[in-house]
Amino acid sequence: MKEILTERPNLFEPNVYITMCVEITGKICPDKLTAAIKEAYKANEATMSRIILEHGVAYYEKLSVSGCKTMITDKNWIELVKENEKNPFAIDEGELVRTFVIPSETDTQIMIMAHHLAGDGKSIIYFIRDIMSALAEIPLTYKPLALLTRNSFSKTNLSIPAKLYVHYCNRKWKNAVFTWQDYYGLHNKYWETFSSDIKYKTLSVAETEQIIEKAKQIGCSVNSYLVTMFLQKYQKKCEVGIPVSIRENKNEAMSNLTSGISINYQFDTKKTFAENAIKVHRMIKRKLQQKRVFVLKFLAELPATLIDAVLLNTYNCYSDRLAEQTAKIMEYSGKTRDLGITNLTELDIPILYGNYEIKNIIFVPPAVSYSNNIIGISTVNGKMTFSFHNMAGHYETLSQNES
């Protein structure tokens, strides 16, 4: 059994679902594709585990049979997201992923909706590769979980204020313990009010190449160029959250190996786009050097059940002064981030698998509670796709102006 530390906020977060819509060229037998998905489940410890919650400790426990689901449907994938997000994932029974096969007379779609405890965006990309490999009858390799532990941060030091706050929390927290009843109750209460609003746009190869070339000419990364592009549209000072992969040694396990940084910036209309992009690029680069795993170290040091209390407090399912304070520090309440931008870049898996070809993958990150406008970016076959994920009726949206 492996303890959940840095992923603890995902345990009670009610909207922590990663969605991938995979477009495959050609008509595929739905039963054959379903069998391939089940083989992919067997090949990953994450999809062969359930979450145990005992006396305030949460951990993964291996199962002999996967609790993840596979279904064949003719529904639109965005409508499937809206339906399924309202049904709590039974993570206590091993339901960490739901996969839907959507056949048609021309192309085939696979819609994967994964709880964040199944892994990060990269994890789901590797899971897609497993599905496609099994479909093409290519043998799969079993991949164990690769969770972060306290030893993962032995060389990382918290700032003095962060150390003092961690010490204060560990001394003051009353060690309240929450149960699966709290998990299901919070989820059901949240989705009585909210509903996902998802839009997406795929650029042409020429449009994608133009962005890459412009970034090269400016002297910044493509990611910095894209962040600047959205800051220009936002037209006010805002905080931008940027997830950062911390995978090492070509680790391709389904695990949540993502940290995050944030920058505060307002696009300066008196300067050129290039000048703004260079400044954004330098800010991101500096943060990556300074605080790559800071947030994970901070989470690992806090009392685990206090993190649960933060989520419950955020949605008025639990009242506690320390939880309320910590919710503000973690940006779950009060001022939340204006933008969350996740760029998976050019996907590092093959496109062709025997007679089967991946045409596109639309990546929709979770609309997590600490960011307002969530943008996902993926590039397949030289085409960049943007998704815009917001909670209808709550967050202001950029998707109306994405063009």
Side-chain angles (χ1 to χ4, degrees), residues 1-16 51-61 88-89 91-92 115-117 120 147-154 156-190 239 241 243 256-262 291 293-337 340 366 368-371:
M1 292 188 291
K2 299 179 180 179
E3 187 178 355
I4 296 172
L5 291 174
T6 59
E7 298 175 80
R8 188 70 180 221
N10 298 326
L11 184 63
F12 277 85
E13 175 69 87
N15 53 11
V16 71
I51 308 301
I52 299 294
L53 186 57
E54 290 181 350
H55 310 297
V57 180
Y59 48 88
Y60 294 83
E61 181 182 67
F89 277 47
I91 59 176
D92 53 325
H115 194 285
H116 220 329
L117 290 177
D120 51 25
L147 301 184
L148 297 173
T149 66
R150 288 186 177 86
N151 290 333
S152 304
F153 312 107
S154 57
T156 302
N157 294 318
L158 293 176
S159 64
I160 292 175
K163 282 182 180 178
L164 290 173
Y165 191 76
V166 165
H167 177 74
Y168 170 75
C169 289
N170 279 284
R171 182 166 54 88
K172 288 289 187 179
W173 178 235
K174 57 189 178 185
N175 292 316
V177 175
F178 306 101
T179 67
W180 289 119
Q181 184 176 353
D182 296 301
Y183 164 82
Y184 285 104
L186 170 56
H187 188 284
N188 291 329
K189 181 176 180 179
Y190 178 87
E239 183 176 8
N256 202 336
L257 298 172
T258 304
S259 184
I261 61 167
S262 65
K291 296 188 175 183
V293 296
F294 172 85
V295 65
L296 299 181
K297 170 76 170 179
F298 181 71
L299 290 172
E301 296 295 332
L302 286 175
T305 55
L306 173 58
I307 298 175
D308 300 340
V310 164
L311 272 300
L312 290 160
N313 178 269
T314 298
Y315 299 109
N316 300 314
C317 293
Y318 179 73
S319 180
D320 178 83
R321 185 170 176 271
L322 182 59
E324 185 177 348
Q325 290 176 346
T326 308
K328 290 179 180 177
I329 289 172
M330 293 174 65
E331 298 186 331
Y332 278 89
S333 63
K335 184 187 183 304
T336 55
R337 292 172 185 169
V368 288
S369 302
Y370 48 83
S371 285

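All values derive from a computational prediction rather than experimental measurement.
A search for side-chain contact (heavy atoms from CB on, under 4.5 Å) contacts involving Val177 returns nothing, not counting sequence neighbours. Under the side-chain contact (heavy atoms from CB on, under 4.5 Å) criterion, Ala162 pairs with Leu158, Ser159, Phe294, Phe298, not counting sequence neighbours.
Within a 6.0 Å sphere centred on CD of Gln181, other residues, nucleotides and ligands contribute 12 heavy atoms or fewer. Arg171 CZ: more than 12 foreign heavy atoms inside a 6.0 Å radius.
You'll find the side chain of Asn15 stays beyond 4.5 Å of the side chain of Pro366, heavy atoms only. At least one side-chain heavy atom of Ile51 sits under 4.5 Å from a side-chain heavy atom of Tyr60. Contact check for Gln325 versus Tyr165: side-chain heavy atoms found under the 4.5 Å cut-off. The shortest distance between side-chain heavy atoms of Leu186 and Glu13 does not fall below 4.5 Å. Between Glu7 and Leu147 the shortest side-chain heavy-atom distance falls below 4.5 Å. For the pair Asn256/Thr6, no side-chain contact is recorded, criterion being any heavy-atom separation below 4.5 Å from C-beta on. With contacts defined as side-chain heavy-atom distances shorter than 4.5 Å, the pair Leu117/Phe89 does not qualify.
To the nearest 0.5 Å, atom CG of residue Leu5 and atom NZ of residue Lys297 are 11.5 Å apart. Atom NE2 of His187 and atom CG of Leu311 lie 12.0 Å apart (nearest 0.5 Å). Between the CG atom in Asn170 and the CG atom in Leu302 there is a gap of 7.0 Å [rounded to 0.5 Å]. In this structure, OG on Ser333 lies 10.0 Å from CG on Asn316, to the nearest 0.5 angstrom. Atoms CH2 and CD1, from Trp173 and Ile307 in turn, are 10.5 Å apart once rounded to the nearest 0.5 Å. Between the NE2 atom of His167 and the CD atom of Glu301 there is a distance of 12.5 Å, given to the nearest 0.5 Å.
Considering Leu257, Ile4, Thr258 as possible partners of Leu148, the one that fulfils the side chain to side chain contact (heavy atoms under 4.5 Å, CB included) test is Leu257.
Side-chain N or O atoms of Asn188 include one that pairs as donor or acceptor with a backbone N or O of Tyr184 at under 3.5 Å.
For the residue pair Glu239 and Ser262, the shortest heavy atom distance occurs at OE2-OG, 3.1 Å. When every heavy atom of Asn313 is checked against every heavy atom of Ser319, the shortest pair comes out as ND2-CA, 4.0 Å. The shortest non-hydrogen separation linking Gly56 to Thr305 is CA-CG2, 3.6 Å. Between Glu3 and Tyr59 the shortest heavy-atom distance is CA-CB, 3.6 Å.
Taking the six-membered ring for Trp and thresholds of 30 and 60 degrees, Tyr315 and Tyr190 have ring planes more than 60 degrees apart, a perpendicular arrangement.
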Test side chain to side chain contact (heavy atoms under 4.5 Å, CB included) applied to Leu306 and Leu322, step by step: CA-CA 8 Å; Leu306 173 58; Leu322 182 59; 4.2 Å; yes

Between Val310 and Ile329, is a side chain to side chain contact (heavy atoms under 4.5 Å, CB included) present by the stated rule, with each step listed? CA-CA 10 Å; Val310 164; Ile329 289 172; over 6 Å; no

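Checking Thr326 against Tyr332 by side-chain atom types alone, no donor-acceptor pair falls below 3.5 Å.
Identified under the salt bridge (charged side-chain N to carboxylate O under 4.0 Å, His left out) test for residues 172-186, with sequence neighbours left out: Lys174-Asp320.
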